[in-house]
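Quick caveat, the model's predicted, so the values are computed rather than measured. We count residues from 1, following the sequence as given.
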Amino acid sequence: MAQERIGRKRLVVGAHYGTRDFIVQRATAVIMAVYTLALVLYAVLVPMDFESWRAFFVFTVGTLPVGQLLATLAFLSLAWHAWIGVRDIWMDYAHSDGLRLFLQVLTILWLVAAVVFFGQILWSL
């Protein structure tokens, strides 16, 4: 009976225990690390002014906007990585189910707003 109650509680608060979140967080960390390394190498090797900085983000191969796609992938990885980490913090330290749900919804809204704002800025270049 106690295990059944715990199982239902996990469904109510949206907890995801297991290796999937562990793997996703590691994969997003690798994506962000590779992108950061590319960004740092570009900043070290290319004299920095606005046009060269902009060129990094609007780099295209044919008609494919590779720079914007890679930056978007890195930012989506950051948002997903942040969601897993912050969600785990709320699950560990917000003991009330109502408070935990409220904080998780606020976190989701904030991350979605950040992704939309990022997209508006990057894709307007």
Side-chain angles (χ1 to χ4, degrees):
M1 182 65 175
Q3 271 188 329
E4 187 177 319
R5 188 180 77 230
I6 291 171
R8 270 190 258 133
K9 183 177 180 183
R10 286 183 178 174
L11 291 175
V12 169
V13 296
H16 296 276
Y17 299 98
T19 57
R20 183 183 70 117
D21 289 336
F22 177 84
I23 292 169
V24 167
Q25 199 158 39
R26 281 11 177 221
T28 56
V30 168
I31 291 169
M32 291 184 297
V34 169
Y35 187 77
T36 301
L37 180 62
L39 195 61
V40 168
L41 284 174
Y42 185 80
V44 168
L45 298 175
V46 175
M48 279 291 114
D49 61 1
F50 178 76
E51 284 306 315
S52 63
W53 187 247
R54 184 179 181 277
F56 182 81
F57 293 102
V58 296
F59 173 72
T60 60
V61 175
T63 59
L64 188 66
V66 175
Q68 289 170 312
L69 290 173
L70 292 176
T72 301
L73 175 65
F75 196 80
L76 289 173
S77 295
L78 174 67
W80 198 355
H81 189 91
W83 164 244
I84 292 170
V86 174
R87 186 205 62 214
D88 287 349
I89 290 170
W90 297 145
M91 287 191 313
D92 288 344
Y93 296 108
H95 298 292
S96 163
D97 289 347
L99 175 62
R100 185 180 312 122
L101 182 61
F102 175 74
L103 291 171
Q104 287 177 343
V105 168
L106 282 181
T107 302
I108 290 168
L109 292 174
W110 175 70
L111 289 170
V112 167
V115 167
V116 168
F117 188 60
F118 168 84
Q120 286 178 338
I121 292 171
L122 181 68
W123 291 91
S124 69
L125 292 177

CA sep, side-chain torsions, deciding dist, call: Asp88, Ile84, side chain to side chain contact (heavy atoms under 4.5 Å, CB included): CA-CA 6 Å; Asp88 287 349; Ile84 292 170; 4.0 Å; yes
Let me check something: do [X] and [Y] share a hydrophobic cluster, defined by ILVMFWY side-chain heavy atoms less than 4.5 Å apart, either directly or through other members?
| X | Y | result |
| --- | --- | --- |
| Leu103 | Leu101 | no |
| Trp90 | Tyr93 | yes |
| Leu125 | Phe118 | yes |
| Val116 | Trp110 | yes |
| Leu78 | Tyr35 | yes |

Could you measure the distance from the [atom1] atom of [X] to the [atom2] atom of [Y]? Nearest 0.5 Å is fine.
| X | Y | atom1 | atom2 | result |
| --- | --- | --- | --- | --- |
| Ile31 | Thr36 | CD1 | OG1 | 11.5 Å |
| Arg87 | Thr107 | CZ | OG1 | 11.0 Å |
| Ile23 | Arg26 | CD1 | CZ | 10.0 Å |
| Leu99 | Gln104 | CG | CD | 10.0 Å |
| Trp80 | Leu111 | CH2 | CG | 13.0 Å |
| Leu41 | Leu37 | CG | CG | 4.5 Å |

Exercise: identify the closest heavy-atom pair between Ala79 and Val115: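 Residues Ala79 and Val115, closest heavy atoms: CB-CG2, 3.8 Å.
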Just distance, no hydrogens or angles: give the donor-acceptor pairs under 3.5 Å from side chains in residues 59-75, sequence neighbours left out.
residue : atom : partner : partner atom : Å
Gln68   : NE2  : Leu122  : O            : 3.0
Thr72   : OG1  : Gln68   : O            : 2.8
Thr72   : OG1  : Trp123  : NE1          : 3.0

Without swapping roles, check the side chain of Ser52 against the backbone of Pro47 for a donor-acceptor pair under 3.5 Å. yes
Aromatic ring pairing Phe56/Trp53, orientation class (parallel under 30°, perpendicular over 60°, tilted between): parallel
Within a strict 4.5 Å, meaning less than it, do heavy atoms of the Gln25 and Trp83 side chains meet? no
